[in-house]
Amino acid sequence: MVILVSSCKSGLGDYDPTEYKIDSLLSVMTVEEKIGQLIQENGGQGHDEDIKRGRVGSVLNEVNTENINRLQQLAIDSSRLGIPIIFARDVIHGFKTIFPIPLGLAATFNPELIEKTAAIAAMEAASVGIRWTFSPMIDVCRDPRWGRIAESFGEDTHLQSLMGEAMVKGYQASALNRQGSIASCAKHFVAYGAAEGGRDYNTVSVPENELRDVYLPPFKACVDAGVATLMTAFNEVNGVPASGNRFLLDRILQQEWQYKGLVVSDWESIPQMQTHGYTTDLKESAFEAFDAGMHMEMNSKGFAEYLKELIDEGRIPSGMLDDAARKILELKFRLGLFDNPYTFPENFPALLNEDHKEVARQAAAESVVLLKNKGPVLPLGAEIHKIAIIGPLANSPHDQLGTWIFDGDKRDAITPLESITEYFGSSNIQYAPGMEISRTKTREGFNRALQAAKNADIILLFLGEESILSGESHCRADIGLPGAQEELVQTLSETGKPLVVIVMAGRPLTFEKVLPKIDALLYAWHPGTMAGPALRDILFGIECPSGKLPVTFPRHVGQVPLYYNHKNTGKPATDLTWERMDDIPAEAAQLSIGNTSHYLDYGFKPWFPFGFGLSYTHFEYSDFRVKPAEVSPGDSIVFYASLKNTGEYAGTEVVQLYIRDMVASRTRPVRELKAFQRVTLEPGEIKDITMKIHTSQLGFHNQDMDYVTEAGDFKAWIGGDSETSYELDFSIKK
Ligand code: GLC
């Protein structure tokens, strides 16, 4: 007997409200069928029998539309109740049209653009039958050793929140049943980016107030934006694995946030609770996860094998099973899968169409951060007639796509070599990789590189990391330029030719000591399909770089964790108090006065600070004001400044507003980003900037774990990076 539940089918009558449909469905589902909805299988092969028995709620990693439709037909026509399947995929920064890695997207400081990229990714994924992506990844990360920093939006909670929210809106649009909408998934709940030592999956110990003030807000922003699902993290949080953590899944998500969406495990994160040493076996892992608030299990079989037993034993109330199955059914109804379960790609815009590629070019161009421009040597001017293009990342279509590009194809990628050669003329270009890949340790390609440089007016040197050197479990203890790249810089600098370095990488890298040999430095992250056209436009001044760093660049990996919104401590260092290692006399006496928090060898400052990025033009800030300078709790505060383009290029500045609560019942960071806006100015143009925040944005969790905004004095800074000196005072009165 097949019972079809749909607004347009007879049998069970007209079920207008979705809840009524779901209640009707649940009333006839067996326990096995309800459990079946909680199971997510991997890949589209080998699950036919389970699908027919109604024991598969979702399939991930099947992207062949013919097979997706076949499996869907099996679920609808051959299972007893005909409940459709949700097909899921990691669509992290694009499906076929690949955008910059999320760390690069963050560097745009352009949420509106990021929303567009997510909408395009959703349209392309939905066109093959994918209706659920495991994105956005919104793990705040202060440790560039961690491979998945590439996949995050960096170290700042506010930026991470806005970017996560933008992606949710882009993926889900106004309704999940619209053509091209897919369910999104905020991950990894929570604090996965705080893994000890930047080692993936590693231990996370974070005090509750820091969880609530740093790591949880991006998830709350996504929940408030209507994110359809959440994924739990692999790591433990303060001794309890996230996938069985009642404080997270019940207290925070259900009781405090009243979250109504679906919670899915990460890949086998439920059985991993036994590996963590938290459960004795798979049955206990299934119990701990389900009892804590997990609704669906990715790939592993805890729920499939033990939930019925746990219910029969009375350890899991059958009502909890209904609640979990309801979440999945609600999502399927919201996606319109009961009414339109099949995919017809011909009804969608073409993959990789020109509009999609233009947005990818724009995102890649806006993600590029100009870190140095001596001369200025950039943009390339009319005096340049011959260009040497060198380096392992000048023509690597695979690596420029970055990590997590399951469906991106390097054959669609346009490399910098291709775009620059096409634009500048092949007769004016000399190309030599210099190194086969980023990890090449030998100098055997250096001579050819020198030959290419010999007749050139300028060297464009593309360095960095292959894409596989970041991403899941691909962490690095030494975050320098891999292989012989620094030697290649040194060798090419000896030609005396102007040297422009363009870095593609999945994280900040440390190569400060060769910076003096470099005339201009562009940081392009992994820019995606349209890396070539984007970098062509930046290098030739068709686009003016506007990217800003979403993460601090340390001088040395030994400084990590190093981030801008740090605490002041009781003995902060200054340039005056930094005791430089080489200045210490032999047999110096150990004193305990005048000491401050720093490293003898690498001091206390970053190489480049959060929010930093240069332009081809110059911006001048003036006329700073804050009104009112004294506010009451619950008021808004408006900050003003004037911004002038004093250079000769049109350009875009990301104006940033930082605040500091000078004295509070818990110590507060020395700076916190609270607002930013992109301002585009023609040469000579002046604009008045207004930035408004609410006193509620100045709060934190106090010793009683209440979120409070306390009265007292505050400072504010407005400028182009987190070290800007343009300072304002304001206060909140009692
Ligand atoms: C991975 C990742 C997660 C991803 C999932 C499915 O291990 O941690 O982010 O969505 O498995 O591929």
Side-chain angles (χ1 to χ4, degrees), residues 39-44 56-63 85-95 101-103 118 121-122 125 130-141 146-153 160 163-164 167-168 171 182-195 198-202 204 215 218-219 222 227-237 241-243 245 248 261-273 275-276 289 294-302 331 402-408 467-468 470-475 506:
I39 296 166
Q40 184 176 61
E41 293 286 7
N42 182 53
V56 179
S58 172
V59 168
L60 79 154
N61 295 331
E62 175 54 71
V63 292
I85 292 169
I86 302 182
F87 290 89
R89 184 71 159 174
D90 289 284
V91 183
I92 307 300
H93 53 107
F95 181 70
I101 53 172
L103 195 56
I130 298 300
R131 299 304 310 279
W132 182 14
T133 178
F134 302 126
S135 171
M137 190 270 220
I138 46 175
D139 298 308
V140 170
C141 177
W146 190 46
R148 299 192 80 165
I149 194 171
E151 201 185 334
S152 81
F153 295 106
Q160 193 95 225
M163 290 296 172
M167 292 200 97
V168 168
Y171 287 134
I182 61 177
S184 59
C185 180
K187 72 183 186 183
H188 305 77
F189 196 64
V190 75
Y192 182 28
R199 291 186 299 278
D200 207 353
Y201 318 120
N202 219 285
V204 170
Y215 297 98
F219 287 88
C222 288
V227 68
T229 69
L230 254 73
M231 181 188 293
T232 60
F234 284 122
N235 51 280
E236 66 164 68
V237 179
S243 296
N245 193 309
L248 297 176
L262 183 148
V263 180
V264 63
S265 76
D266 201 337
W267 183 278
E268 303 189 349
S269 64
I270 290 174
Q272 284 169 21
M273 286 200 270
T275 316
H276 273 284
M294 184 78 71
H295 304 126
M296 182 176 271
E297 180 171 14
M298 182 187 288
N299 195 56
S300 45
K301 299 296 179 277
L331 183 56
T403 187
W404 284 107
I405 43 101
F406 280 177
D407 304 291
S467 56
I468 196 59
S470 60
E472 183 169 351
S473 86
H474 288 79
C475 306

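Please read these numbers as outputs of a predicted model, since none were measured by experiment. First listed ligand is number 1; within each ligand, the first listed atom is number 1.
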Undergrad: Give the residue and atom name of whichever protein heavy atom lies nearest to atom 3 (C) of ligand 1, and the separation in Å to one decimal.
TA: Asp266 OD1, 3.4 Å

Undergrad: Charged N to carboxylate O under 4.0 angstrom, Arg89 versus Asp407?
TA: yes

Undergrad: Does the ring center of Phe234 lie less than 6.0 Å from the ring center of Trp267?
TA: no

Undergrad: List every atom of ligand 1 that sits less than 4.0 Å from any heavy atom of His188, numbering the atoms from 1 in the order shown and giving each element.
TA: 3 (C), 8 (O), 9 (O)

Undergrad: Suppose I only count heavy atoms of Lys187 and a 4.0 Å limit; which atoms of ligand 1 are within that range?
TA: 3 (C), 4 (C), 9 (O), 10 (O)

Undergrad: Tell me whether Arg148 reaches ligand 1 (any heavy atom closer than 4.0 angstrom to a ligand atom).
TA: yes

Undergrad: Strictly below 4.0 Å, N to O, side chains only: are Lys301 and Glu41 in salt-bridge contact?
TA: yes

Undergrad: Glu472 to ligand 1: N or O pair under 3.5 Å?
TA: yes

Undergrad: I'd like to check which ligand 1 atoms, numbered from 1 as shown, lie under 4.0 Å from a non-hydrogen atom of Asp90.
TA: 4 (C), 6 (C), 10 (O), 12 (O)

Undergrad: Counting only heavy atoms closer than 4.0 Å, does ligand 1 sit against the backbone of Met137, its side chain, both, or neither?
TA: neither

Undergrad: Within the structure, does Trp404 bring an N/O atom to less than 3.5 angstrom of an N/O atom in ligand 1?
TA: no

Undergrad: For ligand 1, which atoms have a heavy atom of Phe134 less than 4.0 angstrom away?
TA: 10 (O)

